[in-house]
Trainee: 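Next up is a structure, given as C-alpha cells.
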Amino acid sequence: MADIILENYSIPPSPLYPLHILANRYSTNPTMPVDGYTLIFFHAIGAHKECWDIVIRRLFELTHTTQQSGLRISDAFVIDSPNHGKSGMLNRDILSSQFHRHWPTQMYSRAVHIFLTARTVHNIDFFKRRLVAVGHSFGAAACFLVRDLSPRVPWEFIIAIEAGISPSIEFPNTDAVITRSQTSAWLRPDTWPTIESAQDALSKSPVFRRWDPRAFSLYIKHGLGPHPASCFQPPKSTAITTALLREQEAAAFESDGILGVGTEAYRLTAQETPVHLISGGIHDFIPLNTKEYISNVRNGMTPASSTYIQGAGHMVCEHILSIL
C-alpha cells in the first residue's frame with residue numbers, strides 16, 4: 001500500500017464565520033482520479049481532529065487489501081470543531097469574547113459546511129463526490145444538523161457512533177447525564193507545570209485509563225497546548241493546559257443541538273439517507289434507554305442498522321483500536 005499523504009487546510013475568520021477552521025486530508029495520491037468514497041469525520045466533545053488518525057489509516061489498509069472495489073476510499077477529511085484541538089488554541093481570544101459559556105452544536109455543523117463549500121481553499125467539488133459522514137457523539141449530532149444548511153450535502157450514507165442526541169432534557173436519564181458532564185467539565189484539572197506532568201497525571205485518570213496508548217498519545221500531542229502564561233516574559237512558563245476551555249466544554253452540553261433539535265435532525269436525515277448507528281456495549285455515557293429510543297421505528301426512527309460493540313464504552317474507537 002502507498003504511504004498516506006497528510007495535507008492541512010486552514011480557513012481564516014470572515015464575516016460569514018468568525019473563527020478559524022482547520023482540517024486535515026488523508027489520501028494515498030491526491031492527484032489521482034476520484035472513484036471511491038470520500039469520508040468526512042466529525043469528532044466528539046473533548047476530542048480533536050487528529051483523534052481519527054489511527055482509524056483512518058487502518059481503514060485505508062483494510063480497503064487496500066479487500067477485493068471489493070465498492071469499499072475503495074479515495075480520501076478522508078477531518079474538520080476540527082473550532083473550539084477544540086489546535087483550532088481551539090488558535091481561536092481562544094474570539095471564543096472568550098464572543099462565545100463565553102456558549103457553544104451551539106450548529107457552530108460545528110457550519111464549520112464543516114463552510115469547509116466543504118470552500119473550493120478556493122481546497123479546489124475540490126465535494127458535491128460531485130461519494131460522500132460518507134462519520135460522526136462520534138456530539139460529532140454525530142453536528143453531522144445530522146448539516147442537513148439544515150444550503151446547499152444540501154449529498155451524503156451517500158452516515159455512520160453515527162454513540163450518537164450524542166436525546167429527545168429532550170426531560171427524557172429519562174438525560175438531565176443526569178448533562179449535569180454530570182457539565183460538573184465534570186468545570187471540575188476537571190486543566191493546567192499542569194509541564195507536558196510530562198500532564199501526561200503522567202492524565203494517564204492515571206479513569207477517563208483515559210481504558211484508552212489505547214496510541215489514542216492517548218494523540219490526545220497529549222493535539223488535545224493540549226501552551227498555557228496563556230507562556231506568553232509572559234520573563235521567565236517563560238512551561239505550563240500546559242487543555243486546548244478545549246472548561247467553559248466551552250460545559251457550554252457544549254447545553255446546546256439544543258444534542259437535544260430535541262439534534263434528534264429531529266437525525267429523524268429527518270434517516271428518512272432521506274441511510275444512517276448506521278454504532279454503540280458501545282458498555283453504557284457508560286449514553287444511557288441504554290436513549291440508544292434504544294433512537295433505533296426504534298415505533299418512535300419514528302428509521303436507522304438503516306444498529307450495532308453494538310461489546311467491550312467498548314462511549315469512547316468506542318479509543319477503546320477498541322487494537323481489534324480494528
Trainee: Hey, is Arg57 close enough to Asp53 for a salt bridge, meaning N to O under 4.0 Å?
Mentor: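 So Arg57 pairs with Asp53 through a salt bridge.
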
Trainee: Between Glu156 and Val132, is there a donor-acceptor pair closer than 3.5 Å when you use the side chain of the first and the backbone of the second?
Mentor: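 No, Glu156 side chain to Val132 backbone: no donor-acceptor pair under 3.5 Å.
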
Trainee: Are any non-hydrogen side-chain atoms of Ser10 and Leu22 less than 4.5 angstrom apart?
Mentor: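 Touching, per the 4.5 Å side-chain cut-off.
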
Trainee: Taking the side chain as every heavy atom from C-beta outward, state whether Trp192 and His227 have any pair of such atoms under 4.5 Å apart.
Mentor: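 Answer no - side chains too far apart.
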
Trainee: How are the rings of His113 and Phe127 set relative to one another: parallel (under 30°), tilted (30 to 60°) or perpendicular (over 60°)?
Mentor: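 Judged by the thresholds at 30° and 60°, the geometry between His113 and Phe127 is perpendicular.
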
Trainee: Which heavy atom of Ile11 sits nearest a heavy atom of Ala118, and at what distance?
Mentor: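 Looks like CD1-CB, 3.7 Å.
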
Trainee: Among Asp212, Ile161, Val134, which one satisfies side-chain contact (heavy atoms from CB on, under 4.5 Å) with Cys317?
Mentor: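 Between Cys317 and the candidates, side-chain contact (heavy atoms from CB on, under 4.5 Å) is satisfied uniquely by Ile161.
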
Trainee: Regarding Arg58 and Glu61, does a basic nitrogen lie under 4.0 Å from an acidic carboxylate oxygen?
Mentor: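 Yes, this pair counts.
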
Trainee: Determine the minimum heavy-atom distance between Ile240 and Ala198, stating which atoms define it.
Mentor: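 Reported closest heavy-atom pair: CG2-CB, 4.4 Å.
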
Trainee: Using atom types as modelled and distance alone, determine if a side-chain donor or acceptor of Glu162 lies under 3.5 Å from a backbone N or O of Val316.
Mentor: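 Side chain of Glu162 to backbone of Val316: no pair is present.
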
Trainee: Measure across Leu116 and Phe126 and return the closest heavy-atom pair with its distance rounded to 0.1 Å.
Mentor: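 Smallest heavy-atom distance, with atoms named: O-CD1, 3.2 Å.
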
Trainee: On the 0 to 90° scale, with breaks at 30° and 60°, tag the His136-Trp52 ring pair as parallel, tilted or perpendicular.
Mentor: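 Judged by the thresholds at 30° and 60°, the geometry between His136 and Trp52 is perpendicular.
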
Trainee: Hey, which of Phe41, Phe144, Phe138 is the one that makes ring pair (Phe, Tyr, Trp, His ring centres under 6.0 Å) with Tyr108?
Mentor: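 Testing each of Phe41, Phe144, Phe138 against Tyr108, the sole residue satisfying ring pair (Phe, Tyr, Trp, His ring centres under 6.0 Å) is Phe138.
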
Trainee: Counting C-beta onward and ignoring hydrogens, is there a side-chain heavy-atom pair between Asp125 and Arg129 closer than 4.5 Å?
Mentor: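 No - every pair of side-chain heavy atoms lies 4.5 Å or more apart.
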
Trainee: Give me the atom names and distance for the closest heavy-atom approach of Ser27 to Glu7.
Mentor: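 For Ser27 versus Glu7, the nearest heavy atoms are OG-OE2, 4.1 Å.
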
Trainee: Kindly indicate, with the supporting measurements, whether the criterion side chain to side chain donor-acceptor pair (under 3.5 Å) is fulfilled by Asp256 and Gln106.
Mentor: CA-CA 9 Å; Asp256 62 0; Gln106 292 88 337; 3.2 Å; yes

Trainee: Search all heavy atoms of Thr269 against all heavy atoms of Val275 and return the closest pair with its distance.
Mentor: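 Residues Thr269 and Val275, closest heavy atoms: CG2-CG2, 4.1 Å.
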
Trainee: For the residue pair Arg25 and Phe77, would you count it as a cation-pi contact if the rule is NZ or CZ under 6.0 angstrom from the ring centre and within 45 degrees of the ring axis?
Mentor: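 The answer is no, since Arg25 fails at least one limit relative to Phe77.
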
Trainee: Check the angle between the aromatic planes of Trp103 and Phe99 and answer parallel, tilted or perpendicular using the 30° and 60° thresholds.
Mentor: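 Rings of Trp103 and Phe99: perpendicular, over 60°.
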
Trainee: For a 4.5 angstrom cut-off between non-hydrogen side-chain atoms, does Leu245 reach Asn83?
Mentor: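 Of all side-chain heavy-atom pairs linking Asn83 with Leu245, none is under 4.5 Å.
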
Trainee: Would a line drawn from the ring center of Phe60 to the ring center of Tyr26 be shorter than 6.0 Å?
Mentor: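 They do not qualify: ring centres at least 6.0 Å apart.
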
Trainee: Passes salt bridge (charged side-chain N to carboxylate O under 4.0 Å, His left out), Arg246 versus Glu249? Steps please.
Mentor: CA-CA 5 Å; Arg246 288 193 290 188; Glu249 181 176 352; over 6 Å; no

Trainee: Between Phe157 and Tyr37, does the ring centre distance come in under 6.0 Å?
Mentor: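 Between Phe157 and Tyr37, the centre distance is under 6.0 Å.
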
Trainee: Going by atom types alone, do Arg188 and Thr242 pair a side-chain donor with an acceptor below 3.5 Å?
Mentor: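 Yes - a donor-acceptor pair under 3.5 Å links their side chains.
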
Trainee: If we ignore hydrogens and angles and just use 3.5 Å, is the side chain of Arg267 paired with the main-chain N or O of Met301 as donor and acceptor?
Mentor: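 Side chain of Arg267 to backbone of Met301: no pair is present.
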
Trainee: Between Lys86 and Asp80, does any side-chain N to carboxylate O distance fall below 4.0 Å?
Mentor: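 Salt bridge: no.
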
Trainee: Could you label the plane-to-plane angle of the His283 and Tyr308 rings as parallel, tilted or perpendicular, counting under 30° as parallel and over 60° as perpendicular?
Mentor: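 Geometry flag for Tyr308 against His283: perpendicular rings.
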
Trainee: Closer than 3.5 angstrom, by distance alone: can the side chain of Ser168 be matched with the main-chain N or O of Leu259 as a donor-acceptor pair?
Mentor: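 Pair absent, no side-chain N/O of Ser168 close to backbone of Leu259.
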
Trainee: Let me know which of His48, His84, His43 forms a ring pair (Phe, Tyr, Trp, His ring centres under 6.0 Å) with His222.
Mentor: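 Of the listed options, the one satisfying the test is His48.
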
Trainee: Taking side chain as C-beta onward, heavy atoms only, is Pro13 less than 4.5 Å from His20?
Mentor: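 The answer is yes; the side chains approach within 4.5 Å.
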
Trainee: Using side-chain heavy atoms (C-beta onward) and a distance below 4.5 Å, is Tyr266 in contact with Leu277?
Mentor: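 Of all side-chain heavy-atom pairs linking Leu277 with Tyr266, at least one is under 4.5 Å.
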
Trainee: Flag the pair Leu149 / Arg110 as yes when at least one side-chain heavy-atom distance between them is below 4.5 Å, and no otherwise.
Mentor: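 The answer is yes, as the side chains (C-beta and beyond) meet within the 4.5 Å cut-off.
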
Trainee: Just to verify, what does His100 make a side chain to side chain contact (heavy atoms under 4.5 Å, CB included) with, not counting sequence neighbours?
Mentor: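 Glu247.
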
Trainee: Set out, in order, the CA-CA distance, both residues' side-chain angles and the distance that settles salt bridge (charged side-chain N to carboxylate O under 4.0 Å, His left out) for Lys204 and Asp200, then state yes or no.
Mentor: CA-CA 7 Å; Lys204 299 172 183 175; Asp200 180 63; 3.3 Å; yes

Trainee: Indicate the atoms forming the closest heavy-atom contact of Lys49 with Asn24, along with that distance.
Mentor: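 So the minimum-distance heavy-atom pair works out to CE-OD1, 3.2 Å.
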
Trainee: Would you say CG of Asn123 has more than 12 non-hydrogen atoms from neighbouring residues, nucleotides or ligands within 6.0 angstrom?
Mentor: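 Open: at most 12 neighbouring heavy atoms sit under 6.0 Å from CG of Asn123.
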
Trainee: So Ile40 and Trp155, do their side chains get closer than 4.5 Å, heavy atoms only?
Mentor: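 They are in side-chain contact.
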
Trainee: Mind telling me whether Phe285 and His314 have parallel, tilted or perpendicular rings, with 30° and 60° as the class edges?
Mentor: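 His314 and Phe285: tilted rings.
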
